[in-house]
Amino acid sequence: MHELAERYLGKALSAWGLDVEYVRAEGDTLYLADDGGGQRAVTDFVGGFGSLFFGHNHPELVARARALLDAGTPGHAQLSRRPEAQRVAVALGAIARRELGVDEPYEVVFANSGAEAVEAAMKHAELARVFRLRALAEEVDGHARAACDQVRAGTAAWSPVAAELTGGATAAEAVLEEVRRRNAEALGRAPEFFALEGGFHGKLVGSLQLTHNPVFRLPFQGLGASVRFVPADRPEEALKYAEAEQPYVLDLVVEDGVVEVRRRRVPFVAGFFVEPIQGEGGINELTAQQAERITEVCRAVDCPLVVDEIQTGAGRTGSFFASAAIGLTGDYYTLGKSVGGGLAKTSMLLVRGSAYVKEFELLHSSTFAKDSFSCAVTEQVLEMLERDEGAAYRLAAERGARLRGALEEVRAEFGDVVSRVRGRGLLLGFEFADQSESGSPVIRNYARGGFFGFAVSGFLLRRHGLRLMPTGSAPNTLRIEPSCTIDDAAIGRLAAGLRDICEVLRRRDALRLVHALTHADGPAPREQLRDYRPEPVPGTGTRTGPVVARVAYLAELGTPAALRRFDPSLAELDDATLRDFVARSAPVRAMAPCPPVRCGTADGTAVEVTVFPLLVDEAAGDAVGTLAADVAAQTGAARAAGHTTVVVAPVLRRLTGADAPTEVVRGPHGFELPPGFGADGDPGLLPVELAEALAV
């Protein structure tokens with residue numbers, strides 16, 4: 001079938017071993033179709049990115065959904081009474097009073113997704129600010145007109161400061177015009193938001209501006225609101241910025257017959273967005289002390305505190321609101337994911353009654369929001385959470401503690417490859433140590449390319465039947481978010497799978513990893529892991545002098561022989577498996593550079609040479625244009641890294657249609673590549689061979 005829906009992503013999934021089709025789901029199990037027409041069970045620890053607190057297709061929720069559909073429940077009845085929505089709002093209010101200790105109600109605005117709830121929060125916060133600006137503008141303008149009237153009537157006189165506003169002119173009209181001009185400028189200041197470094201709040205135009213990861217945000221930065229990011233452990237930086245940037249209006253006040261000029265703050269910060277536990281940012285938990293300081297900053301700046309509970313809320317951390325455990329009380333809350341029970345695509349914005357702007361209801365709408373089906377499913381979810389005095393919350397806390405204990409045992413056993421276990425309840429992160437200097441070139445490449453977590457996830461899926469994913473902004477951290485009914489057997493399988501990949505990483509033996517990611521049939525050619533710790537590279541001793549040039553060599557890496565030389569741990573994989581590895585790696589053809597080698601030159605100085613490999617599937621007929629673009633990208637990366645000379649291997653030049661190279665490629669200070677090195681037919685240029693060929 002010719003694919004047109006996110007083709008590039010599909011190819012990337014293939015490179016990571018994640019290109020599978022799931023055909024059925026229940027509880028914590030997904031079933032994928034196998035080649036024999038059967039189904040293979042996979043234990044799901046992704047949980048719909050936190051959307052499946054009760055698991056896939058919970059029978060009680062499915063029965064409720066079926067009953068709603070069978071009853072002909074209207075999906076589209078906009079601008080009508082929605083009793084299901086009212087019951088959801090009442091239930092959420094009761095939960096908020098219990099967990100947050102607040103007396104005033106929270107008004108509820110319905111949406112379809114977490115990102116849309118964040119967008120609604122941004123819009124509401126800005127509307128509230130606009131209303132405040134209007135009130136302030138009317139007040140100070142009224143004061144200015146009244147002051148000018150008194151001056152005209154002779155019952156008041158300008159103070160020296162007031163007179164200086166117009167350079168000494170004392171005509172009431174001139175002063176009024178200047179005050180209005182300055183106030184209009186201050187009141188027209190564009191709104192700004194604060195958010196925490198590492199935070200994630202969505203990928204729509206507005207919500208994306210609050211997402212810290214520059215990979216996601218920067219290409220679209222010009223489309224949205226202005227956001228200042230501050231560290232969670234130094235939220236006072238937001239206050240310092242606000243004080244430095246604070247705009248003021250001029251307020252003319254008559255005191256004892258003299259018109260004085262007072263400065264009044266203009267509210268320009270629309271809101272401060274925080275997650276009690278950063279999910280996509282790597283499962284980083286906010287502390288009670290940080291929460292208190294963030295709350296103080298919001299009070300000082302006079303802006304609403306928006307608590308994003310889209311991933312953390314609805315029971316996942318052992319309570320409905322994760323923020324309740326650290327004493328964080330927001331003016332706004334955003335909810336999503338699990339509130340729909342995995343069946344309804346719904347979300348909510350909660351706004352404290354005293355901060356709510358009723359006009360928002362006439363200015364904001366969404367076609368699918370607040371539909372009776374989704375609200376009724378959410379109502380069922382809330383009833384299940386609150387049932388038996390919150391038994392589901394207690395179960396989540398107990399299962400989370402059991403799961404974390406198993407992860408901590410693995411970390412203790414593999415402290416050299418596992419950094420930390422983080423999180424609370426059923427929102428946990430398992431962080432691997434940085435593998436960008438691994439002795440295995442394959443593992444090192446995944447780490448340097450930012451795909452390490454995906455490759456590990458593919459390995460766990462293919463070899464152990466475990467579904468995990470890395471967090472979006474911390475690729476070394478696996479997110480673990482199963483349902484509240486995850487059992488000990490599944491936790492045991494997870495621990496076993498993690499131990500297996502940890503052994504692979506510890507020993508730098510990539511055979512087992514590549515075998516799994518290529519979907520190779522049958523067992524790996526060897527099950528015994530070997531130790532491939534890096535050894536000193538010849539030619540890099542201290543006998544070379546100072547580095548006078550940095551040279552990049554772009555080498556093709558496409559044949560089985562070249563791959564075996566590139567990473568010796570792959571030696572026993574057959575040619576078909578290695579060719580499949582190259583073919584599947586096409587979306588990430590440009591591999592991370594190898595460690596540099598230092599080579600002596602004729603004048604006693606040294607040249608540092610770095611190999612930039614490109615996976616080339618020549619047998620599959622790689623498109624010349626695509627390969628040429630990859631060569632150009634690698635060349636640009638090499639020059640950006642400070643390499644003064646870039647040499648492209650002859651095979652790459654031939655495949656891209658470039659002119660044939662000279663037999664000897666000379667560089668500065670007597671450096672040269674020997675004749676025939678890297679010529680057509682050579683299976684690849686590798687760091688050790690490069691050092692041996694060039695070292696003096």
Side-chain angles (χ1 to χ4, degrees), residues 18-34 37-73 75 84 88 91 112-114 279 310-317 320 335-348 368 371-388 391-393 395-396 398-400 403 425-427 457 460-461 464-469 479-491 493-494:
L18 298 172
D19 55 331
V20 298
E21 178 187 357
Y22 296 105
V23 296
R24 188 162 59 90
E26 59 182 4
D28 286 296
T29 305
L30 283 163
Y31 294 88
L32 56 85
D34 61 27
Q39 295 181 357
R40 177 188 172 195
V42 172
T43 305
D44 184 13
F45 283 93
V46 178
F49 296 146
S51 300
L52 298 169
F53 179 79
F54 289 113
H56 292 274
N57 295 317
H58 188 282
E60 192 170 342
L61 293 172
V62 169
R64 178 64 171 148
R66 282 177 175 158
L68 291 166
L69 294 174
D70 290 342
T73 302
E84 299 90 350
V88 167
N112 301 289
S113 68
I310 292 165
Q311 190 164 192
T312 57
R316 182 148 297 278
T317 64
F320 189 89
L335 296 170
K337 294 188 181 290
S338 280
V339 293
L343 298 179
K345 297 178 176 65
T346 187
S347 62
M348 298 104 202
F368 293 95
D371 68 286
S372 297
F373 175 85
S374 297
C375 289
V377 171
T378 298
E379 186 182 5
Q380 186 70 34
V381 169
L382 297 179
E383 192 278 326
M384 292 168 63
L385 285 169
E386 295 289 296
R387 185 182 299 165
D388 298 329
Y393 304 129
L395 180 61
E398 185 275 324
R399 290 287 80 197
L403 180 56
L426 293 169
L427 177 56
S457 298
L460 293 171
L461 173 64
H464 293 278
L466 301 167
R467 185 167 188 259
L468 293 99
M469 291 287 170
R479 70 173 86 217
I480 301 173
E481 302 183 75
S483 81
C484 63
T485 58
I486 190 73
D487 59 32
D488 287 349
I491 294 173
R493 290 193 297 274
L494 174 62

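All values below were derived from every heavy atom in this structure, side-chain atoms included, with hydrogens, water molecules and symmetry-related copies excluded. The structure displayed is predicted, hence computed values, not measured ones.
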Can I get a per-line list of side-chain donor-acceptor pairs under 3.5 Å for residues 24-33, giving both atom names and the distance, sequence neighbours left out?
from: R24; atom 1: NE; to: Q39; atom 2: OE1; distance (Å): 3.2
from: R24; atom 1: NH2; to: Q39; atom 2: OE1; distance (Å): 3.2
from: E26; atom 1: OE2; to: Y31; atom 2: OH; distance (Å): 3.2
from: D28; atom 1: OD1; to: S483; atom 2: N; distance (Å): 3.0
from: D28; atom 1: OD1; to: S483; atom 2: OG; distance (Å): 3.2
from: D28; atom 1: OD2; to: S483; atom 2: OG; distance (Å): 2.7

Self-check item: D44/R467 ion pair, N-O < 4.0 Å
Solution: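 Yes, charged N to carboxylate O under 4.0 Å.
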Quiz item: Any idea which heavy atoms bring C375 and V88 closest together, and the distance?
Solution: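 Heavy-atom minimum between the residues: O-CG2, 3.3 Å.
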Quiz item: Which atom names give the shortest non-hydrogen contact between D371 and G75, and what distance separates them?
Solution: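 Here D371 and G75 meet closest at CB-O, 3.3 Å.
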How many angstroms lie between atom [atom1] of [X] and atom [atom2] of [Y], to the nearest 0.5 angstrom?
X	Y	atom1	atom2	result
S51	Q311	OG	CD	8.0 Å
T73	L68	OG1	CG	4.5 Å
L427	I480	CG	CD1	10.0 Å
R40	D34	CZ	CG	9.0 Å
F54	L395	CZ	CG	9.0 Å
Q380	L343	CD	CG	10.5 Å

Donor-acceptor check, side chain of [X] to backbone of [Y], threshold 3.5 angstrom: yes or no?
X	Y	result
R316	L426	yes
K337	G114	no
D487	A490	yes
S338	G50	yes
H464	L466	no
S347	S113	yes

Practice problem: Evaluate the side chain to side chain contact (heavy atoms under 4.5 Å, CB included) criterion for residues F45 and R479: first the C-alpha distance (whole Å), next the side-chain angles of each, then the deciding distance (0.1 Å), finally the verdict. | Solution: CA-CA 8 Å; F45 283 93; R479 70 173 86 217; over 6 Å; no
Would you check if [X] and [Y] make a side-chain contact, meaning some heavy-atom pair closer than 4.5 Å?
X	Y	value
T317	Y393	no
V62	R66	yes
M469	L18	yes
V339	T346	yes
T43	L494	no

Quiz item: Hey, mind stepping through F53 and V381 against side chain to side chain contact (heavy atoms under 4.5 Å, CB included) and telling me if it holds?
Solution: CA-CA 10 Å; F53 179 79; V381 169; over 6 Å; no
Exercise. State which residues pass side chain to side chain contact (heavy atoms under 4.5 Å, CB included) with D488; sequence neighbours excluded, sorted by chain then number.
Key: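 Per chain and number, D488 pairs via side chain to side chain contact (heavy atoms under 4.5 Å, CB included) with R399, R402, I491.
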Self-check item: L461/V20 under side chain to side chain contact (heavy atoms under 4.5 Å, CB included): CA gap, chis, key distance, verdict
Solution: CA-CA 10 Å; L461 173 64; V20 298; 4.1 Å; yes
Exercise. Return each pair, listed once, that meets salt bridge (Lys or Arg N to Asp or Glu O under 4.0 Å) where at least one residue sits in residues 375-386; pairs must be two or more places apart or across chains.
Key: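 Non-adjacent pairs meeting salt bridge (Lys or Arg N to Asp or Glu O under 4.0 Å): R87-E379, R98-E386, E383-R387.
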Quiz item: Between F320 and L335, does a side chain to side chain contact (heavy atoms under 4.5 Å, CB included) hold up when you go through it step by step?
Solution: CA-CA 10 Å; F320 189 89; L335 296 170; 3.9 Å; yes
